[in-house]
Amino acid sequence: SFQMILLLLLSVVSISSQQELSTNLTQQLYRPDGSVAVVSSVSCSIKKDERRDCETCVAKGTGCFWCGDNDSCLPYEWYFPGCGLPHVQYSSCWVNWSAVAIVVAILAGILLVLIFVCVCCCCCKLRAARQRRNQKAGERREAKMEASRTAMEMMQTERRAKREKEMEEYRMKYGIPKKTIE
């Protein structure tokens, strides 16, 4: 199963690298009565002397695809007109395009889930980093406030000691006894 998917992906890559980019495969012809006729510039018709199978149709180039539903070779535009996706054979007769579409859809889904998980992980890591940064900033503010509080208490203690010393000097100078509270 895994080998089949890998083989399908490799074939899609090789097919897409071999294809020529042709966006205008049809021409519009304007009739004298004003109506428009759409004519394909790629001839996908199989001649009577050619085998009517997928290999013959695919050999006509990237402008044609084989429709297994009605066994016909049709011109390819940017989609597969007139044929259901399970019956389309384009550029290779062994590639099932509905399986390719399913594989591409699954890979796109897996890619979207991986992108979503990566975005969620990044957001969680950023949130955790922001919380750590805010916590450290809060700790720094607390340390700064504590240092400021300690410095103020020391200054108040020094001022109190200085005032008491001055008061003691005045008492000694003028002979005022120290009051004692009993």
Q.
Run the side-chain contact (heavy atoms from CB on, under 4.5 Å) test on D71 and W66 for me, step by step, so that the C-alpha distance in whole Å, both residues' side-chain angles and the decisive distance to 0.1 Å come before the verdict.
A. CA-CA 7 Å; D71 290 335; W66 178 256; 3.8 Å; yes

[X] side, atom [atom1]; [Y] side, atom [atom2] - distance, nearest 0.5 Å:
| X | Y | atom1 | atom2 | value |
| --- | --- | --- | --- | --- |
| C122 | R127 | SG | CZ | 12.5 Å |
| I115 | C120 | CD1 | SG | 12.0 Å |
| R163 | E166 | CZ | CD | 9.0 Å |

Q: Please lay out, stage by stage, how K162 and E158 fare under the test side-chain contact (heavy atoms from CB on, under 4.5 Å).
A: CA-CA 6 Å; K162 185 177 177 184; E158 288 174 5; over 6 Å; no

Q | E168/R171 salt bridge by N-O under 4.0 Å criterion | A | yes

Q. With respect to the side-chain SG atoms, do C83 and C67 come within less than 2.5 Å?
A.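 Bridged: C83 to C67.
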
Q) Is the SG of C54 found under 2.5 Å away from the SG of C93? A) yes

Q: For residues C64 and C57, report the shortest heavy-atom separation together with the two atoms involved.
A: CB-O, 3.9 Å

Joint hydrophobic cluster, [X] plus [Y], side-chain heavy atoms closer than 4.5 Å:
| X | Y | answer |
| --- | --- | --- |
| V119 | L111 | yes |
| I176 | Y170 | yes |
| I106 | L114 | yes |

Q) Do any N or O atoms from the side chain of N134 and from the backbone of A137 form a donor-acceptor pair under 3.5 angstrom? A)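 No, the answer is negative, given that no donor and acceptor are paired below the 3.5 Å cut-off.
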
Q.
For E146, is there any backbone N or O sitting under 3.5 Å from a side-chain donor or acceptor partner on T150?
A.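 Side chain of T150 to backbone of E146: a pair is present.
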
